[in-house]
Each structure stands twice: as C-alpha cells, then as structure tokens.
Student: 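Here's a structure for you.
In the text below, chain A, chain B and the rest are named by the order of the sequence lines, each starting its count at 1.
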Number of protein chains: 2
Amino acid sequence: MNTRYADRIVGKLRTEGLKVTPQRIAILNFLDGNRSHPSVDEIHREVLRAFPTISLATVYNTLETLEKMGVIRALCIDPTRKRFDPDTSLHHHARCDRCGTIRDVWGDLGPTLRLPDDVSREFVAEGASVSFRGHCRECVTYC
Amino acid sequence: MNTRYADRIVGKLRTEGLKVTPQRIAILNFLDGNRSHPSVDEIHREVLRAFPTISLATVYNTLETLEKMGVIRALCIDPTRKRFDPDTSLHHHARCDRCGTIRDVWGDLGPTLRLPDDVSREFVAEGASVSFRGHCRECVTYC
DNA sequence: TTCGATGCAAAGCCTTTGCATCCTG
DNA sequence: CAGGATGCAAAGGCTTTGCATCGAA
C-alpha cells in the first residue's frame, strides 16, 4: 500500500533518533508532492500560515537535516538561492530565464551522465544532473 | 594566426562601443586561459596584486558586461557563489564535494542533451549543462 | 530528565546600488 | 567633452551562528 511521503520521513526521523516536531511535520506536509522546487523563504512563508511562530532558522535547520538524510535534494539551478526538491529519484530540471519557474525533466539522458574515461581516472562521480535553461511557453512570447 | 583571448575581447569591447580600461584589461588577462573557474572574490583578489585600487564593484560590473557579451559564462555549480568560465564552448563540469575544485569535463555529451518531446512542447531550451559531483583523487581517500 | 529542536537576534557573506569623480574615445 | 567606467560606502538578500528556552522521547 502507499505510504505518504511525510509519514515515511517521519518514520525515518524516528529510526535515526531524531525528533518529530510539529514544525518538521508541517514542513514535510508542505513538501509532500510539491513540484515547485521552493526556496527556503517560500517554504517558510507557506508553513507560517499553518504555524505562525515557526522561525526561518528552524526551516534552514530542518532542510539541512532532511538533506543529510537524503530525503530531499538541494538544487543549484537558481543563481540567487537554493531550491529544494522532495523527489530524489533521477531526473533533471529546466529553468525559465524570465519567470524563474523550474520544471522537472524526466527522460533518458543516461548516456550523458557518465564521465569520459580520462576524467574518471581523476574524479569519482557520485551524482550528476542536467540543467536546461531557456523560456517556458508563457514567457517565450515576450522575448 | 592565434589571437590571445584578452586581445580578442578587447576588440569586441571596441566594436560594441564599450570602453577599454586598464581594469578591464587586467581582468581579461587573469581570465585568459584560466581553468580554475574563479569566483568574483578570487578574481578581485588576484587582479588587486597588479592593480591595487580596483574595487569589487568594478569586478562585478565587468563580469556582468562580459557575460552579456557572451564571452564568459557564469556557472551555477557552487551553492555559495557564482563562478566564471572564460571558455564558452560546449563542455561540462565536475565539482569535488570536499575541496570545492571544479574541473572541466569534455566529451561527447552534446548530442544527447535534448529535451524530451513532452517537455519541449512546454519549454524552449536555449542551453543545457551537466554538473557532476563527487570527489577528486586527492580528496577521495579522506571520505 | 535529557538532549535535540526551536525562536530570536545578530552576524557573515555575497551581491547590488547610488553617487561623485575619473578617463576613454 | 560627453558618456561610460571606476571607487567607495551603504544597503540588500540569503544563510549561518549563538544562546536561552522549550518539549519530544
């Protein structure tokens, strides 16, 4: 049967001896199924509605914890801030230069994601990601 | 015959009606052939040695100008700061999680960097880059 | 009861901006 | 000489840190 993302992570927190606080639950509920690749500030602003006292520092702390647990991924695609993705399975991203929206890109880019032999002798790759830039359909007409 | 990177860009600056200042020349000379993917601060610190009065703002301004001219590329691979690459031809990068070093990755990655059809109906790609993360040979033994 | 988590405020970086002055073209 | 470029300082935005207090287990 399906377990909700938030429930699954709560179990993992317990397993690792970390505490399950209402703030963490609120953040996990917001991330659950979220494909908007929100920034720290967006997460904070949204969770604030359900939880008026949560601080920015708590959001930063929680996201760091979740990232270390490997249940969210920090994206380096917006040059002005980190963005977070609760989907840690292999996929890529495309960012609109005009509106900043980031969309998921699924597809077999596999062959691309291996280091050439000359580099792999010098560098052990543990992950790879592809970032596309360009314009989304809404914005392309204005460029 | 070969034209040095810096000389070529100086010509381009003139062509575009922009001014060729000693500060800009110093920055271009530092970038010429540089494969360290330096940050703004690293560029500033280095150019400062030859040009003790150059300000950080000038470095920021110049890099922005050069990026708009398309003669340098800003990399989004270090989550803490922008990095710059004077080589704008199609290649990718690998960043060591431990020491932060960024190395170039050349190889036949180009042809496969196309958006899947379902996405390309919604998004016009104008560029793509592949980022590898992992550990360089010097650092991998400490992990 | 314990020790990690929270909230708040301050501090730290990176980057941008405003403006008077300078200097290339 | 005109307009773009520079230098300086201040401000802005994102992120981290210190510390007293709180609360999950």
Student: Quick check against the 3.5 Å criterion: does B/H44 have a side-chain atom that pairs as donor or acceptor with the backbone of B/Y60?
Tutor: no

Student: Starting from A/V140, walk the hydrophobic network (Ile, Leu, Val, Met, Phe, Trp, Tyr; side-chain heavy atoms closer than 4.5 Å) and list everyone else you reach, by chain and number.
Tutor: B/V124

Student: Is there a residue in residues 12-25 of chain B whose heavy atoms reach under 4.0 Å of DNA chain D, and which residues are they?
Tutor: B/L18, B/K19, B/T21, B/Q23, B/R24

Student: Do A/D85 and A/H91 pair up side chain to side chain, a donor and an acceptor below 3.5 Å, judged on atom types alone?
Tutor: yes

Student: May I ask you to say whether B/R133 pairs ionically with B/D97, meaning some side-chain N is under 4.0 Å from a carboxylate O?
Tutor: yes

Student: Does any N or O in the side chain of B/H93 come within less than 3.5 Å of the main-chain N or O of B/R103, such that one atom is a donor and the other an acceptor?
Tutor: no

Student: With the threshold set at 4.0 Å, does a side-chain nitrogen-carboxylate oxygen contact exist between B/R4 and B/D32?
Tutor: yes

Student: Do B/K68 and B/E64 sit within salt-bridge range, that is, some charged N less than 4.0 Å from a carboxylate O?
Tutor: yes

Student: Could you tell me whether B/R35 atom CZ has more than 12 heavy atoms of other residues or ligands within 6.0 Å of it?
Tutor: no

Student: Taking only heavy atoms on the protein side, list every residue of residues 46-68 of chain B lying under 4.0 Å from any atom of DNA chain D, sorted numerically.
Tutor: B/T53, B/I54, B/S55, B/A57, B/T58, B/N61, B/T62

Student: Which nucleotide of DNA chain D is the first, and which the last, in the 5' to 3' direction, to come under 4.0 Å of a heavy atom belonging to chain B?
Tutor: D/dG3 to D/dC8

Student: Taking A/N61 for the side chain and A/A57 for the main chain, is one N or O donor matched with an acceptor at less than 3.5 Å?
Tutor: yes

Student: Output the residues of residues 93-100 of chain B in contact with DNA chain D, where contact means a heavy atom of the residue under 4.0 Å from an atom of the strand; sort by number or write none.
Tutor: none

Student: Not counting sequence neighbours, which residues clear side-chain hydrogen bond (donor to acceptor under 3.5 Å, both in side chains) with A/T80? List them please.
Tutor: A/D78

Student: Return the value, rounded to whole Å, for the distance between atom CG of B/D41 and atom P of C/dG12.
Tutor: 16 Å

Student: Quiz question: by atom type and distance under 3.5 Å, do the side chains of B/T62 and B/T65 form a donor-acceptor pair?
Tutor: no

Student: Any salt bridge between A/D117 and A/R121, counting N to O under 4.0 Å?
Tutor: no

